[in-house]
Trainee: 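First, the structure itself, so that you have it in front of you.
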Amino acid sequence: MSNRRLDYQRAAVDTTVTRRSVLFNITDTYFQYKFNKNSSIYLGLQLQSRTPDLVSMVDITDTTNPLYTMKGNGNLKNALRYYANLTYNYKTFWIVGEYTKTDNALSQGYTYDSSTGVREGRYYNVDGNWSVNGKLQYNKQIKNLTVSNNFVTTYTTSVDLIGQDTPELIRSKVYNLQFMDQLWMKYKLGKSSIGLNVNAQHDRFTSNLADFTRQNTWTVSSGVNATLELPANFQLSTDFTMYNRRGYTDQALNTDNFVWNARLTYRALKGNLLLMLDGYDMLHDLSNVSYTINAQARTEVYRTVLPRYFMFHVQWRFNSKKK
């Protein structure tokens, strides 16, 4: 039983929003059968109710951004998310299938006026969002070498509401077929270790809209890392990664970046006092502006304050044991 109340004040607006809901949730319900000590099969089920943010239900028009005004919607429904997981495991090998579906998902639909460049948005409930994926996972340790690989294929349907030069909203469906492989290796040399990781992802975006521009994108990151035990209680951990992106229609996303990070640690007082110096993006190759593709294949821009930095830490570990 959910009983929520929001007292909202903003400029000339002073209002109260209340919402009473009966939420039905099934979490971590599973069935498992073991064939023997090496293999088993697992079925997991989830059902989750999600209530909309009360701020999105306030009857107000937000004109803070004159080119993108937003309106509240007091008639929003609760979303319902279904999830199923079927997994077969044999020793260090897993085959996984997952299915997710959301009814009454919260959507920020909008209409666009091409003559003025103004977008008017409002929150809505939409149906039709679902995804299915299959995974092959492998993890093996051979003496001092650990190898892990994860291959995933995902098909996603994302639904939104848009309109252009008309108050009528149409359903925008974007389909994404994604292939991803993650390889991770680590070799231990006493207290030191070296590692290798490669992540490759391919996305194919299509849509039901006639004017949609299809995209076939590649995102690849590969790098090495190491943790080295040094004399005089010093430890050095470092990683170097190369990021490559290709195939995006927005040229700002087709980039190559080289990132080098490191941490130098000094242990004192039998390891209870740690002095650490971090260096992030020491090659100065990252921008404070980053670009991503959302579920509707639109470019989103994020700005950060510190693309690179050095930071000094002091950490004191203490515990008390009974005699």
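Numbers for residues simply follow the sequence, beginning at 1. Since the model is a prediction, treat every value here as computed from it, not as a measurement.
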Trainee: Check R246 with D256, please: is the shortest side-chain N to carboxylate O separation under 4.0 Å?
Mentor: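 Looking at D256 and R246, the cut-off is met.
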Trainee: Given side-chain hydrogen bond (donor to acceptor under 3.5 Å, both in side chains), test Q178 with D203 step by step and report yes or no.
Mentor: CA-CA 5 Å; Q178 180 186 96; D203 292 271; 2.8 Å; yes
Trainee: Would you check, one step at a time, whether the test side chain to side chain contact (heavy atoms under 4.5 Å, CB included) holds for F234 with L236?
Mentor: CA-CA 7 Å; F234 280 96; L236 175 66; over 6 Å; no
Trainee: State whether the side chain of R204 and the backbone N or O of L177 hold a donor-acceptor pair below 3.5 Å, judged by distance alone.
Mentor: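 No; judged by distance alone, with no hydrogens or angles, the pair does not exist.
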Trainee: Please round to the nearest 0.5 Å and tell me the distance separating atom NZ of K77 and atom OG of S49.
Mentor: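 Spacing of NZ (K77) from OG (S49) equals 14.0 Å.
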Trainee: Quick one about Q48 and N25 (side-chain donor to acceptor, distance below 3.5 Å, no hydrogens or angles considered), yes or no?
Mentor: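 No pair is found: no donor N or O on one side chain lies under 3.5 Å from an acceptor on the other.
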Trainee: Centroid separation under 6.0 Å, is that true for the rings of W316 and F318?
Mentor: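 Yes, close enough.
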Trainee: Between D28 and Q46, which heavy-atom pair has the shortest distance, and what is it?
Mentor: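 Scanning both residues, the minimum pair turns out to be OD1-NE2, 3.8 Å.
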Trainee: Between atom OG1 of T92 and atom CH2 of W94, what is the distance when rounded to the nearest 0.5 Å?
Mentor: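 One finds 6.0 Å between OG1 of T92 and CH2 of W94.
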Trainee: Show which side-chain atoms of residues 179-195 pair as donor or acceptor with protein atoms under 3.5 Å away, not counting sequence neighbours.
Mentor:
unit_1: D181; atom_1: OD1; unit_2: N149; atom_2: ND2; d: 3.1
unit_1: Q182; atom_1: OE1; unit_2: N150; atom_2: ND2; d: 3.1
unit_1: S192; atom_1: OG; unit_2: E229; atom_2: N; d: 3.0

Trainee: Working note: T102 + W130, criterion side-chain hydrogen bond (donor to acceptor under 3.5 Å, both in side chains); need CA distance, chi angles, decisive distance, verdict.
Mentor: CA-CA 6 Å; T102 304; W130 65 276; over 6 Å; no
Trainee: Hey, what do you get for CZ (F240) to CG (L283), rounding to the nearest 0.5 Å?
Mentor: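 Here the rounded value is 6.0 Å.
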Trainee: Identify the heavy atoms of A79 and N104 that sit nearest to each other, and give their distance.
Mentor: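 Shortest heavy-atom contact: CB-O, 3.3 Å.
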Trainee: Compare every heavy atom of I162 with every heavy atom of L209, then report the nearest pair and how far apart it is.
Mentor: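 Answer, listing the atom of L209 first, then I162: CD1-CD1, 3.7 Å.
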Trainee: For the residue pair Y248 / T255, report whether a side-chain donor-acceptor contact shorter than 3.5 Å exists.
Mentor: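 No pair is found: no donor N or O on one side chain lies under 3.5 Å from an acceptor on the other.
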Trainee: Would you give the length of the straight line joining atom OG of S115 to atom CG of D165, rounded to the nearest 0.5 angstrom?
Mentor: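 If we round to the nearest 0.5 Å, S115:OG and D165:CG are 6.5 Å apart.
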Trainee: Between the side chains of T51 and R4, is a donor N or O closer than 3.5 angstrom to an acceptor N or O?
Mentor: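 Yes - a donor-acceptor pair under 3.5 Å links their side chains.
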Trainee: How close do D285 and F258 get, heavy atom to heavy atom, and via which atoms?
Mentor: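 Heavy atoms only, the tightest pair is OD2-N, 2.6 Å.
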Trainee: Can you see which heavy atom on I293 is nearest to which on F205, and at what distance?
Mentor: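 Smallest heavy-atom distance, with atoms named: CG2-CZ, 3.7 Å.
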Trainee: Test salt bridge (Lys or Arg N to Asp or Glu O under 4.0 Å) on R81 and D103; report intermediate values, then the result.
Mentor: CA-CA 6 Å; R81 177 181 178 270; D103 293 338; over 6 Å; no
Trainee: Does Y99 have its ring centroid less than 6.0 Å away from the ring centroid of Y83?
Mentor: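 Not close enough - the centres of the two rings lie 6.0 Å or further apart.
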Trainee: Report yes or no: is the cationic atom of R10 (NZ for Lys, CZ for Arg) closer than 6.0 Å to the six-membered ring centre of Y8, at no more than 45° off its axis?
Mentor: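 No, R10 and Y8 do not form such a contact.
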Trainee: On a heavy-atom basis, which atom in S40 and which in Q32 lie closest, and how many Å separate them?
Mentor: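 What the structure gives for the nearest pair is OG-NE2, 3.7 Å.
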Trainee: Just how far is it from atom CG of N73 to atom OG of S107, taken to the nearest 0.5 Å?
Mentor: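 Taking CG in N73 and OG in S107, the distance rounds to 11.0 Å.
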Trainee: Would you kindly check if the NZ (Lys) or CZ (Arg) of R308 is within the cone defined by 45 degrees around the ring axis of Y280 and under 6.0 Å from the six-membered ring centre?
Mentor: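 No, R308 does not lie over the aromatic ring of Y280.
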Trainee: Are the aromatic ring centres of Y88 and Y90 under 6.0 angstrom apart?
Mentor: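 No, too far apart.
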Trainee: Identify whether V224 and V259 are in the same connected component of the hydrophobic contact network (ILVMFWY, side-chain heavy atoms under 4.5 Å).
Mentor: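 V224 does not cluster with V259.
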Trainee: Could you measure the distance from the OH atom of Y123 to the CG atom of L76? Nearest 0.5 Å is fine.
Mentor: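 That separation rounds to 9.5 Å.
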Trainee: So does G247 get a backbone contact from the side chain of N254, meaning a donor-acceptor N/O pair under 3.5 Å?
Mentor: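 Looks like yes, one N/O pair under 3.5 Å.
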